Amino acid sequence: MTNLSVCIGSACHLKGAYNVISTFQHLIEEHGLHEKIAFQATFCMKECHKPGVGISLNGEKRVIAAEDARRFFQESVLTAVQADEAK
Ligand code: FES
């Protein structure tokens, strides 16, 4: 199972966290990954000072611009899912 979280703290909310969540939900649906990705919202990840929305992928913190959500999912999340499947 791949663990994916998006910060919904106030700073990340202002930087577009809702759009990131919506994009990820759409892509999880599109790729039929409900059984393979544990997706959740999380509170402040202490990354507010960085430009972008806080994300955690299998425990690794990242910060992404809201408009990069689709690319991040396609490049990093799908790779993590494939790596999980290969285990
Ligand atoms: S509000 Fe998202 S990292 Fe602090």
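The chain is numbered in sequence order, starting from 1. For clarity, every value in this text was computed on a predicted model and none was experimentally measured. Each ligand, and each atom within it, is numbered from 1 in the order the structure gives.
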What one should report as the nearest heavy-atom pair of Val63 and Glu47 is CG2-CB, 3.9 Å
If you compare all heavy atoms of Val20 against all heavy atoms of Ala66, which two are closest, and at what distance to 0.1 Å? CG2-CA, 3.7 Å
Using the ring of each side chain (for Trp, its six-membered ring), is Phe24 parallel, tilted or perpendicular to Phe73, with breaks at 30° and 60°? tilted
Nearest 0.5 Å please: distance from the OG1 atom of Thr42 over to the CE atom of Met45.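 Taking OG1 in Thr42 and CE in Met45, the distance rounds to 6.5 Å.
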In Å, rounded to the nearest 0.5 Å, how long is the span from CD of Glu75 to CZ of Arg70? 12.5 Å
Metal environment of atom 4 (Fe) of ligand 1, protein N/O/S under 2.8 Å: Cys44 SG, Cys48 SG
What pairs meet the salt bridge (charged side-chain N to carboxylate O under 4.0 Å, His left out) rule with one or both residues in residues 11-39, with sequence neighbours excluded?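 Matches after skipping sequence neighbours: Lys36-Glu85.
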